[in-house]
Colleague: 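Below you will find the structure I want to go over with you.
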Amino acid sequence: MNTVALVTCRELPHLTADDRLLLEPLAAMGVHAVPAVWDDPEVVWEDFDAVVVRSTWDYYKRILEFDEWLAHLAQIGARVWNPTAVLRWNSDKHYLLDLHKRGVPIVPMALLTRDRVVDLAYVLQSNGWNRCVVKPTISATSYRTWLTEPATALRDQKELLSMMMHSDVIVQPFLQEIVQDGEYSFVFYAGEYSHCVHKRPRRGDYRTQPDFGGTWRAFDAPKFWVAQARGMLSKLPLSPLYARVDCIVQSNRLLLMELELIEPDLGMTYEPAAAARFAAAIAAALRPALSDGDIARLPASS
């Protein structure tokens, strides 16, 4: 029997309720899956046939330690999903520009790097944006995410500079679609579409995470939406074991908000067959390993 680590964080040592759904179907397929906290020094990663990153939900606050952990996994030759090169690339929102260069339609963004002087009011004015979302390039769950507009940009400049002491920052126009219709998360396993989750913010907010009162439900996505999401994923040089493609919709056209390849909540509680599909993808992946050549073709961050 193969033994697989389902990697989590200290706050969730027994996995999320969503990920616990994997245990039974994996066991039925001859795979023994156990929770493993990514920064636990007692874990012997060499003991596992594979390491599946699931709920490392504190990684973005400890990115240097997380990178060291990934380097250790690579050094010992652990089979990791998604591969460590994918995780590193996806940990910084620079990847959105990589995908845009490959033809993926994204929510417009201005990348503010720490190596230049930035005037927030000018960023808004030069792009013609009246209201914007500001966030670090390394973040999750709306961490240090806030709104700005021309009337408050001068006041908000101090907060921007404080953020840029620690990371690059992206500024995006606030799109009304997020409050009017929410966002759609398309989940794929080994390149195959599984299900879609419709996520809406609570009234008066723009954040769709349940932490902020957002609501999630299963959604029967139109086939041409699924095809668009699959097309976005196809721009990668390899098919990730798991992926969540987060989009908003403008006139039936999907715009990518995030491509989640590290530790996304896959919404398996909303689709009865989703956990079995993911378990089958893990079991199948335990047989052939992803080639180093495929991993090496991952686009470098800009």
Colleague: Is a side-chain donor or acceptor of Trp57 paired with a backbone partner of Glu263 at a separation under 3.5 angstrom?
Modeller: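 Flag set: sc Trp57 to bb Glu263 pair under 3.5 Å.
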Colleague: Same cluster or not: Leu154 versus Leu161, using hydrophobic residues (I, L, V, M, F, W, Y) connected whenever any side-chain heavy atoms lie under 4.5 Å apart?
Modeller: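 Leu154 and Leu161: separate clusters.
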Colleague: May I ask you to decide if Ile138's main-chain N or O and Asp92's side chain share a donor-acceptor pair within less than 3.5 Å?
Modeller: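 Such a contact is absent between Asp92 side chain and Ile138 backbone.
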Colleague: In terms of ring plane angle, is the pair Tyr189 and His195 parallel, tilted or perpendicular, where the classes change at 30° and 60°?
Modeller: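 Rings of Tyr189 and His195: tilted, as their planes differ by 30° to 60°.
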Colleague: Would you kindly confirm whether Val118 and Met165 end up in one hydrophobic cluster when ILVMFWY residues are joined by side chain heavy atoms under 4.5 Å apart?
Modeller: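 Val118 does not cluster with Met165.
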Colleague: Please name the pair of heavy atoms, one in His14 and one in Arg20, separated by the smallest distance, quoted to 0.1 Å.
Modeller: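 Closest approach of His14 to Arg20: O-NH1, 3.3 Å.
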Colleague: Carefully, step by step, assess Val53 and Asn82 under the rule side chain to side chain contact (heavy atoms under 4.5 Å, CB included).
Modeller: CA-CA 7 Å; Val53 179; Asn82 286 314; over 6 Å; no
Colleague: Please confirm whether the backbone N or O of Phe212 pairs with a side-chain atom of Arg202, one donor and one acceptor, at under 3.5 Å?
Modeller: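 Flag set: sc Arg202 to bb Phe212 pair under 3.5 Å.
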Colleague: Verify, without hydrogens or angle tests, whether Thr152 (side chain) and Thr148 (backbone) share a donor-acceptor contact under 3.5 angstrom.
Modeller: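 Judged by distance alone, no pair lies under 3.5 Å.
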Colleague: Can you spot which of Glu183, Met232, Glu177 makes a side-chain contact (heavy atoms from CB on, under 4.5 Å) with Cys247?
Modeller: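 Looking at Glu183, Met232, Glu177, the match for Cys247 under the side-chain contact (heavy atoms from CB on, under 4.5 Å) is Met232.
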Colleague: Treating Arg131 as the side-chain partner and Leu147 as the backbone partner, does any N or O pair qualify as donor plus acceptor under 3.5 Å?
Modeller: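 No; zero donor-acceptor contacts below 3.5 Å.
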Colleague: Quick one: are Asp156 and Val134 in side-chain contact, heavy atoms under 4.5 Å?
Modeller: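 No; the side chains remain at least 4.5 Å from each other.
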Colleague: Could you pull out the closest heavy-atom pair between Trp225 and Asn252, with the gap in Å?
Modeller: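 Smallest heavy-atom distance, with atoms named: NE1-OD1, 3.2 Å.
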Colleague: Please say whether more than 12 non-hydrogen atoms of neighbouring residues, nucleotides or ligands are located less than 6.0 Å from CD in Glu46.
Modeller: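 Yes, enclosed.
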Colleague: Cluster question for you: counting only ILVMFWY and a side-chain heavy-atom cut-off of under 4.5 Å, with indirect links fine, are Leu21 and Val197 together?
Modeller: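 As far as the 4.5 Å side-chain criterion goes, Val197 and Leu21 are not connected within one cluster.
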Colleague: Same hydrophobic cluster for Ile106 and Val249, using side-chain heavy-atom links shorter than 4.5 Å among ILVMFWY?
Modeller: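 Same cluster.
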Colleague: Is the shortest heavy-atom distance from the side chain of Leu261 to the side chain of Leu236 under 4.5 Å?
Modeller: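 Yes, their side chains come closer than 4.5 Å.
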Colleague: Sub-3.5 Å donor-acceptor pair from the side chain of Arg102 to the main-chain atoms of Lys235, do we have one?
Modeller: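 Checking the backbone N and O of Lys235 against the side chain of Arg102, a donor-acceptor pair under 3.5 Å is found.
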Colleague: With heavy-atom distances below 4.5 Å as the criterion, would you say the side chains of Phe66 and Ser91 are in contact?
Modeller: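 When only atoms from C-beta onward are counted, Ser91 and Phe66 do not touch, as no gap falls below 4.5 Å.
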Colleague: May I ask you to test the Val187-Met268 pair for a side-chain heavy-atom distance under 4.5 Å?
Modeller: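 Answer no - side chains too far apart.
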Colleague: A side-chain contact here means heavy atoms from C-beta on lying under 4.5 Å apart; do Pro136 and His166 qualify?
Modeller: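 Answer no - side chains too far apart.
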Colleague: Heavy atoms only: give me the nearest Trp146-Leu160 pair and the separation to one decimal.
Modeller: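 Shortest heavy-atom separation between Trp146 and Leu160 comes out as CZ2-N, 3.9 Å.
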Colleague: Do the numbers put Arg144 on top of the ring of Tyr60, so that NZ or CZ is under 6.0 Å from the six-membered ring centre and no more than 45° off the axis?
Modeller: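 No, a cation-pi geometry is absent between Arg144 and Tyr60.
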Colleague: Could you report the tightest heavy-atom contact between Asn127 and Ala110, atom names first, then the distance?
Modeller: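 Where Asn127 meets Ala110 most closely, the heavy atoms are ND2-CB, 4.4 Å.
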Colleague: Could you go through the side chain to side chain contact (heavy atoms under 4.5 Å, CB included) check for Trp81 and Leu286 one step at a time?
Modeller: CA-CA 10 Å; Trp81 292 303; Leu286 282 166; 4.1 Å; yes
Colleague: Taking side chain as C-beta onward, heavy atoms only, is Arg230 less than 4.5 Å from Tyr193?
Modeller: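 The answer is yes; the side chains approach within 4.5 Å.
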Colleague: At their closest point, which heavy atom of Arg10 faces which heavy atom of Asp40, and how far apart are they?
Modeller: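 Looking at all heavy atoms of both residues, the closest pair is NH2-CA, 4.0 Å.
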Colleague: Looking at Arg203, I'd like to know if its CZ atom is crowded, meaning that more than 12 non-hydrogen atoms belonging to other residues, nucleotides or ligands lie closer than 6.0 Å.
Modeller: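 No, not enclosed.
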Colleague: Could you tell me whether Gln125 atom CD has more than 12 heavy atoms of other residues or ligands within 6.0 Å of it?
Modeller: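 No.
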Colleague: For residues Asn130 and Leu124, determine if any side-chain heavy atom of one lies less than 4.5 Å from a side-chain heavy atom of the other.
Modeller: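 With C-beta onward as the side chain, the pair stays apart.
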Colleague: Test side chain to side chain contact (heavy atoms under 4.5 Å, CB included) on Ile170 and Lys135 and set out the steps.
Modeller: CA-CA 6 Å; Ile170 62 173; Lys135 65 182 77 170; 3.4 Å; yes
Colleague: Run the numbers on Leu266 and Arg54 for side chain to side chain contact (heavy atoms under 4.5 Å, CB included), then give the verdict.
Modeller: CA-CA 9 Å; Leu266 296 171; Arg54 288 309 312 123; 3.6 Å; yes
Colleague: Apply salt bridge (Lys or Arg N to Asp or Glu O under 4.0 Å) to Arg277 and Glu271, showing your working.
Modeller: CA-CA 10 Å; Arg277 293 181 192 133; Glu271 167 54 51; 3.7 Å; yes
Colleague: Should Met164 and Leu120 be counted in the same cluster of Ile, Leu, Val, Met, Phe, Trp and Tyr side chains packed under 4.5 Å apart?
Modeller: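 Same cluster.
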Colleague: Which label fits Tyr184 and His198: parallel for a plane angle under 30°, tilted from 30 to 60°, or perpendicular past 60°?
Modeller: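 Answer is parallel, since the angle falls under 30°.
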Colleague: Between the side chains of Ser185 and Asp246, does any donor sit under 3.5 Å from an acceptor?
Modeller: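 Checked: Ser185/Asp246 side chains pair up, N/O donor to acceptor below 3.5 Å.
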Colleague: Under the side-chain hydrogen bond (donor to acceptor under 3.5 Å, both in side chains) rule, what do Trp216 and Asp265 come out as? Steps first, then yes or no, please.
Modeller: CA-CA 11 Å; Trp216 294 20; Asp265 184 324; over 6 Å; no
Colleague: Can you confirm whether Tyr59 sits close enough to Leu87 that some side-chain heavy atom of one is under 4.5 Å from a side-chain heavy atom of the other?
Modeller: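 They are not in contact (no side-chain heavy atoms under 4.5 Å apart), so the answer is no.
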